[in-house]
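Labels below follow one simple rule: chain letters A, B, ... track the order of the sequence lines, proteins then strands, and each chain is numbered from 1.
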2 protein chains.
Amino acid sequence: MELPEAKQKFIEAWGKLGSEWGINRTMAQVHALLLITPGELTTEEIMAQLSISRGNANMTLRDLMGWGLVEKKHRPGERKEYFYADKDTWNIARQVAKERRRRELEPVLKLLDELSTVEGDAKNEEFRTFNKTVTDINKLAKNVDRTFETMLKAEENWFWGSILKVFK
Amino acid sequence: MELPEAKQKFIEAWGKLGSEWGINRTMAQVHALLLITPGELTTEEIMAQLSISRGNANMTLRDLMGWGLVEKKHRPGERKEYFYADKDTWNIARQVAKERRRRELEPVLKLLDELSTVEGDAKNEEFRTFNKTVTDINKLAKNVDRTFETMLKAEENWFWGSILKVFK
DNA sequence: TTAAACTTTCAAAACTTACTGAAAGTTTTA
DNA sequence: TAAAACTTTCAGTAAGTTTTGAAAGTTTAA
């Protein structure tokens, strides 16, 4: 396989994986493009390479900056904005974990805590089943949350070292 | 909060979380409904409780069975099919991890391995950046894969214990 | 102070995904 | 053998999401 084809495949695969896991396809593709590009790209270049509109490119880049995955840079004497991605995969993973935890997991945890307090008659089977399920899921979700937290604090080697010790 | 309201909120939240993470909303809602229902439900009952069509209910239930989260049961002397969900949250988490690993992670791992072998001129910066990114992401993806694998084999307490030991 | 170079916005269009419901299929019972 | 009771299918439609592109906005330079 030649480099241009490989790049194309990488961008497509990243876009697909993103969309399967709830991240907009274009956003994942722009990210992929920046990840395999040395240096920076302008909006124009991104538009051209991925055949997307100016509006789409602009919004997607803004989102990526909101996720902390991309930054912009100005070159002295130039008006154009240059975009580049942090290429440290461990940072990327942590950044994504951090945002999704905040945006999606936290609201659910809050609700589950609330639902855990709903009171009812212990003789009522409906209530007992509801209560047990909610309590169990709440425990699981808290474990997931704690794992995210660990991940955010951890250094890469230390983290994977700790997890992989598990195999032995 | 009263039980019926709490149930409704649980179903909605589970549906929302599902759709944010790439699982069809209705599928997550049907699953949620079955999780908080003692015993079994028929297609009719599911249709009524969630206001969905027969076709949708049928396909969703089939998908849930395909994911190994729901099973059907026949009662002697009755034609109707009764559906119920496995309520063990650790089983659920493992089942979901297993399916998504197989459907989504594995194809990407395969591609990344392939892209890791693309050859090029070490003096070419484009190639070097591509190669480094792909190699790094491949490593990360393999770690994720191994974590899934551990999870599939493990008992719940042992697994979270191992991951959370990391805090100490 | 205005024109050029660029970025941002957002209503409408295109695309994608999910859902409906009627028809076809299957199984059981009489 | 037929009819009743149920399940499955899928073409068409609806709902949801993403993308476009032109217009408005901003910044810089002359």
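Not a single donor-acceptor pair under 3.5 Å links the side chain of A:Lys98 to the backbone N or O of A:Glu149. With hydrogens and angles ignored, the 3.5 Å screen pairs a side-chain donor or acceptor of A:Thr133 with a backbone N or O of B:Leu35. Side chain of B:Arg25 to backbone of B:Ser19: no donor-acceptor contact under 3.5 angstrom is found.
In this structure, A:His74 and A:Lys80 approach most closely via the heavy-atom pair ND1-O, 3.9 Å. When all heavy atoms of A:Gly15 and A:Ala28 are compared, the closest pair comes out as CA-CB, 3.8 Å.
If you check residues 14-50 of chain B against DNA chain D, you find no residue with a heavy atom closer than 4.0 Å. Within residues 68-82 of chain B, the residues having any heavy atom under 4.0 Å from DNA chain D are, by residue number, B:Lys72, B:Arg79, B:Lys80, B:Glu81.
The pair A:Asp88-A:Arg94 fails the salt-bridge criterion, with no side-chain N (NZ, NE, NH1 or NH2) lying under 4.0 Å from an Asp/Glu carboxylate O. The residues B:Glu40 and B:Arg75 are annotated as salt-bridged, a charged nitrogen and a carboxylate oxygen being separated by less than 4.0 angstrom.
Judged purely by distance below 3.5 Å, without hydrogens or angles, the side chains of B:Trp67 and B:Gln95 never pair a donor atom with an acceptor atom.
At the heavy-atom level, A:Thr60 lies nowhere under 4.0 Å from the strands shown.
A nucleotide of DNA chain C counts as in contact with chain A when one of its atoms lies under 4.0 Å from a heavy atom; the first and last such, 5' to 3', are C:dA5 to C:dC10.
A side chain to side chain donor-acceptor pair (under 3.5 Å) check over residues 7-18 of chain B, counting only residues at least two apart or in different chains, returns the pairs A:Glu126-B:Lys7. Screening residues 43-59 of chain A for salt bridge (charged side-chain N to carboxylate O under 4.0 Å, His left out), with sequence neighbours left out, gives A:Glu44-A:Arg54.
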Salt bridge (Lys or Arg N to Asp or Glu O under 4.0 Å) between B:Glu106 and B:Lys110: does it pass, once the steps are laid out? CA-CA 6 Å; B:Glu106 274 177 6; B:Lys110 196 164 155 282; over 6 Å; no
Report, one pair per line, the protein and nucleotides 9-11 of chain D atoms (nitrogen or oxygen only) whose separation is under 3.5 Å.
residue : atom : partner : partner atom : Å
D:dT9   : OP2  : B:Arg62 : NH1          : 3.4
D:dT9   : OP2  : B:Arg62 : NH2          : 2.2

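In this structure, B:Phe159 and B:Trp90 have tilted ring planes: the angle between them lies in the 30° to 60° band.
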